[in-house]
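If you read the sequence from its start, that first residue is 1, and numbering goes on from there. These figures come from a predicted structure and were not determined experimentally. When a ligand or atom number is given, it counts from 1 through the structure's own listing order.
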Amino acid sequence: GGCNPPPLMQIDILTLFPEIALAPLSESIISRARAAGIVEIHAHNLRDWATDKHRRTDDYLCGGGQGMLLKPEPLFAAIEELKTEATTVILMTPQGKVFKQAVARELSEKGGHLLIVCGHYEGVDHRVIEELVDLELSIGDYVLTNGAIAAAVVTDAIVRLLPGALGDERSPEDESFSDPTLLEAPAYTKPAEFRGLVVPEVLLSGHHAKIEAWKKEQALERTRANRPDLLGEP
Ligand code: ADE
């Protein structure tokens, strides 16, 4: 032992559904990054920190209102046990700052230890946010049944940016959102004709300047169609 360098990043996910969080992180690229020792990922069941006889993690809202909230005691106990001085504690919630590629890049470059806490039901008791959470993240303007799905999304986006995670043949450099202003041009592979549908001729021409000009024009067109907001258009 003692020959392997430490992982660039350690990610702990605290959730009522560890298997939901881990399933998407146990295949393909992220699984390989874990096996290669680039990242260490663990999921923890919040219920393990519930101490009352029914091991309850949720309770009704003070002041009334629909639904349930995660109680402070198990969350405080779990977070205090799992965090260190250097940990960034992230809470997944639709009330958070919207997670973008730039946030993924920042967290990936910073490395170190992330503790990702997953909300459930209507969320978590606000004392947890005030005392223990460094960053609240939402993956978009819609409501999921639980934050474990969102934690897997955020973890995937961060880990694939770690050096070595994509292997030598793939680079995250020139994909959509590296250049945040434009989507990518349409892309094609072989065969050049399929069911009478043909690959645009310019892509088979070998003329690199023309290909680049075509890609720019197509990227602009796709962005205008799918994401006019990126162009400052309504
Ligand atoms: N939990 C429920 N919905 C969510 C969202 N959109 N982002 C992050 N966590 C969530």
Side-chain angles (χ1 to χ4, degrees), residues 9-27 30 39 41-50 56-79 82-83 87-110 112-162 176-177 180 183 226-227 229-230:
M9 202 154 194
Q10 193 193 324
I11 301 176
D12 286 281
I13 301 172
L14 180 62
T15 171
L16 287 169
F17 304 100
E19 288 174 12
I20 292 178
L22 285 180
L25 306 171
S26 304
E27 307 268 356
I30 307 303
V39 63
I41 301 172
H42 296 283
H44 308 269
N45 196 327
L46 178 62
R47 200 167 290 284
D48 294 343
W49 282 272
R56 282 190 68 173
T57 53
D58 60 328
D59 213 331
Y60 297 100
L61 287 151
C62 293
Q66 282 279 314
M68 311 281 277
L69 274 190
L70 292 180
K71 295 165 63 61
E73 306 95 313
L75 280 168
F76 267 75
I79 295 168
L82 294 171
K83 77 178 275 215
T87 302
T88 302
V89 179
I90 296 173
L91 176 70
M92 300 315 306
T93 163
Q95 264 80 53
K97 164 178 168 168
V98 178
F99 184 66
K100 295 276 174 70
Q101 189 67 16
V103 180
R105 209 175 297 122
E106 276 168 37
L107 291 169
S108 187
E109 278 166 13
K110 189 168 156 204
H113 184 212
L114 299 183
L115 174 55
I116 305 180
V117 181
C118 303
H120 190 50
Y121 313 108
E122 301 309 304
V124 307
D125 185 284
H126 201 68
R127 288 166 288 193
V128 174
I129 296 171
E130 286 180 317
E131 294 295 314
L132 295 172
V133 170
D134 299 306
L135 178 62
E136 295 171 81
L137 288 180
S138 163
I139 63 165
D141 290 337
Y142 40 78
V143 180
L144 302 167
T145 55
N146 70 80
I149 297 168
V153 168
V154 164
T155 300
D156 183 290
I158 293 168
V159 170
R160 69 185 285 284
L161 295 176
L162 291 171
S176 291
F177 305 113
L183 301 186
N226 286 354
R227 294 293 305 276
D229 58 298
L230 293 177

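Among residues two or more places apart in sequence or in another chain, the salt bridge (Lys or Arg N to Asp or Glu O under 4.0 Å) test is passed with Lys71 by Asp59, Glu73. In terms of the side-chain hydrogen bond (donor to acceptor under 3.5 Å, both in side chains) criterion, residue partners of Asp229 (sequence neighbours excluded) are, by chain and number, Arg227.
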Exercise for review: Decide yes or no on side-chain contact (heavy atoms from CB on, under 4.5 Å) for Thr88 and Leu115, but give the supporting numbers first.
Suggested key: CA-CA 6 Å; Thr88 302; Leu115 174 55; over 6 Å; no
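A heavy-atom distance below 4.5 Å is not found between the side chains of Leu114 and Thr87.
There is no side-chain donor-acceptor pair under 3.5 Å between His120 and Asp58.
Under the salt bridge (Lys or Arg N to Asp or Glu O under 4.0 Å) criterion, the residue pairs touching residues 127-149 are Asp125-Arg127, with sequence neighbours excluded.
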At less than 3.5 Å, what protein N or O atoms come close to the N or O atoms of ligand 1? Include the distances to 0.1 Å.
| residue | atom | partner | partner atom | Å |
| --- | --- | --- | --- | --- |
| ligand 1 | 3 (N) | Leu144 | N | 3.0 |
| ligand 1 | 6 (N) | Gly140 | O | 3.1 |
| ligand 1 | 6 (N) | Tyr142 | O | 2.8 |
| ligand 1 | 7 (N) | Ile139 | N | 3.0 |
| ligand 1 | 9 (N) | Thr93 | N | 3.3 |

